[in-house]
*Asks:* 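Dropping a structure here in structure tokens format, bear with me for questions.
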Amino acid sequence: MEKITVIKGFKDILPEDTPHWRRVESIAREVFDTFGFREIRVPIMEKTELFKRSIGETTDIVEKEMYTFADRDNEYITLRPEATASIIRAYIEHNMSAAEPVTKLFTMGPMFRRERPQKGRFRQFHQINVELFGDDKPQSDVEIILMLIHFLELTGLTGLALEINSLGCRACRPAFSKAVVDYLKGSEKGLCPDCQRRIVTNPLRVFDCKVETCGAIIARAPRILDYLCPGCKEHFDEVKSCLDEQNVKYTVNPKMVRGLDYYVKTAFEVKSGSLGAQNSLAGGGRYDGLVSDLGGPQTPGIGFGVGIERLLSCLPELEKGQYKTDVFIAALGPQAQKIGFKLTCDLRRAGIAAAMDYSGKSLKSQMKRADKLNSSYTLIFGDKEIYEKRLELRNMRTKDQQAIPLDGLLASLIKIIKER
RNA sequence: GUGGGUGUAGCUCAAUUGGUUAGAGUGCCGGGUUGUGGCCCCGGAGGCUGAGGGUUCAAGUCCCUUCACUCACCCCA
């Protein structure tokens with residue numbers, strides 16, 4: 001039979017790796033708890049319309065990367081390419097804005113984008129997402145950024161670089177866009193075909209282009225920061241000084257535009273050198289018009305996403321996940337097997353990680369299995385001869401062994417192991 | 001969607017300019033030794049060399065096709 005393999009760009013997370021996932025996830029939950037965020041879990045599929053309206057029709061994500069299907073009733077549904085849209089949908093649907101002025105949420109889980117896989121980029125990948133609704137003050141931008149940095153550092157990451165920018169708002173961006181378009185049209189023939197197309201479709205994306213000839217042209221293009229309206233400028237200045245007060249290092253990158261249309265004002269990314277080409281492990285920004293665009297009340301919002309795979313790949317020297325066994329029962333002979341099985345079950349009910357080998361193979365092979373399972377103690381006993389009258393409890397690390405009386409065996413085992 | 005690289009045992013890799021039965025380490029299974037596992041010794045299983053076609057007396061090796069993986073572009077976490 002031919003074997004069936006995973007879908008391209010999808011990955012199994014193996015037992016040797018899941019401990020690191022669990023660690024990162026639990027650090028996230030702890031940090032976010034202390035910052036006052038609560039966990040929300042939203043579906044991994046939504047109506048396609050939700051993403052079209054939030055992310056933007058002309059973005060790469062919507063144009064060519066979404067997993068979109070016609071459901072059996074011919075409604076179009078999409079595997080989520082990001083989480084913000086779903087969270088906002090839920091925020092609106094459950095009327096959270098009416099219940100409290102500020103709502104702080106986070107979620108984590110798989111996202112799906114049909115790109116060509118490479119280092120740090122998969123078709124199914126995992127993100128931790130944080131969103132803050134109902135506060136348009138710069139302090140909330142800083143709160144979010146601080147929390148992100150704090151979380152990343154707690155996971156053990158070093159050498160992080162924070163980049164920030166302001167993308168302006170709906171008041172000031174049109175003037176800037178026009179200035180960019182005018183400028184680009186002047187040197188249109190020097191641009192790559194993609195950028196020429198972008199002039200019409202989405203001019204700001206030109207800033208992301210890495211083609212050298214485009215870079216030279218872009219370097220002299222108008223800067224968004226020179227076009228900010230007084231409100232946006234004040235907001236951005238406040239964000240920067242507030243970050244300074246908190247001793248957070250950052251660089252202003254006026255060319256950072258981000259690939260989702262909904263961002264306004266503050267945008268930020270955290271990069272790491274050890275990632276190869278996909279060096280951005282977290283990114284986010286403000287999206288003040290998005291809630292109303294999706295049919296909710298006029299509500300400011302800001303949030304970020306962290307790529308878990310990328311985060312983990314930046315962590316140094318991860319140990320592989322091992323079995324964790326408190327006690328291994330090596331039982332020799334049918335009678336001993338029977339007693340051993342009962343003992344194993346009792347120990348497990350008492351919260352002790354017990355294991356045994358049901359095959360009844362040689363002691364040597366059972367001891368090998370105990371070693372493989374990383375057992376702290378191994379209890380050896382059998383039907384005959386030297387094992388008849390007593391049981392030996394062996395400490396696998398120190399090789400010490402001690403006899404355990406048959407009376408009250410379970411109780412003394414539990415005592416020894418718990419006191420370890 | 002566009003380029004480059006790589007496909008040999010479960011894993012990591014060997015195999016002269018094309019040359020006989022494709023090897024080693026590790027892991028797995030069994031045995032010996034050790035007070036009863038680790039160290040050591042012996043043995044065993046495990047391969048259509050990614051797949052298909054071609055050149056040749058002869059292909060893991062050269063050519064074509066295809067698939068998979070991988071890196072990069074685009075874009076993003």
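Not measured: the values here are computed from a predicted model. Lettering follows sequence order; numbering is per chain, from 1.
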*Asks:* What I want to check is whether the side chains of A:Y76 and A:E49 have a donor and an acceptor closer together than 3.5 Å.
*Replies:*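 Result is no, nothing qualifies.
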*Asks:* Provide the distance between the two C1' atoms, one in B:G25 and one in B:U33, to the nearest whole Å.
*Replies:*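 Those two atoms are separated by 23 Å.
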*Asks:* Let me know the distance between CZ of A:R123 and C1' of B:A68, rounded to the nearest Å.
*Replies:*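 Taking atom C1' of B:A68 as the reference, CZ of A:R123 is at 13 Å.
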*Asks:* For A:E115, answer base if it contacts any base atom (sugar-phosphate contacts may also be present), sugar-phosphate if it contacts only those atoms, and nothing otherwise; contact means non-hydrogen atoms under 4.0 Å.
*Replies:*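 The answer is base, as A:E115 lies within the cut-off (heavy atoms under 4.0 Å) of a base atom.
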*Asks:* Please give, in whole Å, the distance from B:U33 P to A:L363 CG?
*Replies:*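 Answer to the nearest Å: 14 Å.
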*Asks:* With under 30° as parallel and over 60° as perpendicular, where do the rings of A:F112 and A:Y67 fit, or are they tilted in between?
*Replies:*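 Perpendicular, since the angle between the ring planes exceeds 60°.
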*Asks:* For A:F304, report the nucleic acid contact type (base, sugar-phosphate, nothing); a contact means any heavy atom under 4.0 Å.
*Replies:*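 It contacts nothing in the nucleic acid.
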*Asks:* Does A:K8 make a side-chain N or O approach to OP1 or OP2 of B:A68 shorter than 4.0 Å?
*Replies:*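 Checking A:K8 against B:A68: no side-chain N or O falls below 4.0 Å of OP1 or OP2.
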*Asks:* Measuring from the side chain of A:S362 (C-beta onward, heavy atoms only), which nucleotide among B:C71, B:G31, B:A77 has the closest atom?
*Replies:*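 Selected nucleotide: B:G31.
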*Asks:* Is there any side chain to side chain donor-acceptor pair (under 3.5 Å) pair reaching into residues 18-37 of chain A, and which pairs are they, with sequence neighbours excluded?
*Replies:*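 Non-adjacent pairs meeting side chain to side chain donor-acceptor pair (under 3.5 Å): A:R29-A:E39.
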*Asks:* Enumerate the protein-to-nucleotides 41-44 of chain B contacts in which both atoms are nitrogen or oxygen and the separation is below 3.5 Å.
*Replies:*
none

*Asks:* With rounding to whole Å, what would you report as the distance between B:C57 and B:C42 at their P atoms?
*Replies:*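 Comparing P positions in B:C57 and B:C42 gives a spacing of 45 Å.
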*Asks:* Any strand counts, and the cut-off is 3.5 Å on both contacts for Watson-Crick or G-U wobble. Which nucleotide pairs with B:G1?
*Replies:*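 Base-paired to B:C73.
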*Asks:* Let me have the donor-acceptor pairs involving side chains of residues 166-174 of chain A, under 3.5 Å, with sequence neighbours excluded, atom names and distances please.
*Replies:*
residue : atom : partner : partner atom : Å
A:S166  : OG   : A:G168  : N            : 3.4
A:R170  : NH1  : A:D293  : OD2          : 3.3
A:R170  : NH2  : A:D293  : OD2          : 3.2
A:R173  : NH1  : A:Y263  : O            : 3.3
A:R173  : NH2  : A:Y263  : O            : 3.0

*Asks:* Determine the Euclidean distance between corresponding P atoms of B:U55 and B:C63; express it in Å to zero decimal places.
*Replies:*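 One P to the other, the span is 16 Å.
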*Asks:* Under a 4.0 Å heavy-atom cut-off, which of residues 33-46 of chain A touch RNA chain B?
*Replies:*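 Those residues whose heavy atoms fall under 4.0 Å from RNA chain B, taken from residues 33-46 of chain A, amount to none.
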*Asks:* Quick one: is B:U70 close enough that its OP1 or OP2 comes under 4.0 Å of any side-chain N or O from A:Q118?
*Replies:*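 Checking A:Q118 against B:U70: no side-chain N or O falls below 4.0 Å of OP1 or OP2.
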*Asks:* Using atom P of each nucleotide, how far apart are B:C64 and B:G7 to the nearest Å?
*Replies:*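 My reading of the P atoms in B:C64 and B:G7 gives 16 Å.
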*Asks:* Classify every nucleotide of nucleotides 2-8 of chain B by which part a protein heavy atom approaches to under 4.0 Å, writing B for the base, S for the sugar-phosphate alone and - for neither, in 5'-to-3' order.
*Replies:* BB-----
*Asks:* Would you say the side-chain atoms of A:T299 and A:S97 include a donor-acceptor pair closer than 3.5 Å?
*Replies:*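 Per modelled atom types, A:T299 and A:S97 side chains form no pair under 3.5 Å.
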*Asks:* Rounding to an integer number of angstrom, what distance separates B:U70 and B:C11 when you compare their P atoms?
*Replies:*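 Taking atom P in both B:U70 and B:C11, they lie 14 Å apart.
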*Asks:* Any strand is fair game: report the nucleotide pairing with B:U8 by Watson-Crick or G-U wobble, both distances under 3.5 Å, or none.
*Replies:*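 By the stated definition (distances under 3.5 Å), nothing pairs with B:U8.
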*Asks:* Checking salt bridge (charged side-chain N to carboxylate O under 4.0 Å, His left out) for the pair A:R80/A:E46: CA distance, chi angles, key distance, verdict?
*Replies:* CA-CA 7 Å; A:R80 64 181 182 193; A:E46 298 277 358; over 6 Å; no
*Asks:* Answer yes or no on whether A:K11 is positioned over the face of A:F122, meaning its NZ or CZ is under 6.0 Å from the six-membered ring centre and within 45° of the axis.
*Replies:*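 No, A:K11 does not sit over the ring of A:F122.
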*Asks:* Between A:F125 and A:K11, which residue's closest nucleotide on RNA chain B lies nearer the 5′ terminus?
*Replies:*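 Looking at the nearest nucleotide for each, A:K11 comes out on the 5' side.
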*Asks:* Return the polar atom pairs (N/O with N/O) between nucleotides 25-29 of chain B and the protein under 3.5 Å, or none.
*Replies:*
residue : atom : partner : partner atom : Å
B:G27   : O3'  : A:K372  : NZ           : 3.2
B:C28   : OP1  : A:K372  : NZ           : 2.3

*Asks:* Quick one, A:I61 with A:R113, criterion side-chain contact (heavy atoms from CB on, under 4.5 Å). Give me CA distance, side-chain angles, the key distance, then yes/no.
*Replies:* CA-CA 7 Å; A:I61 293 177; A:R113 293 182 199 173; 3.8 Å; yes
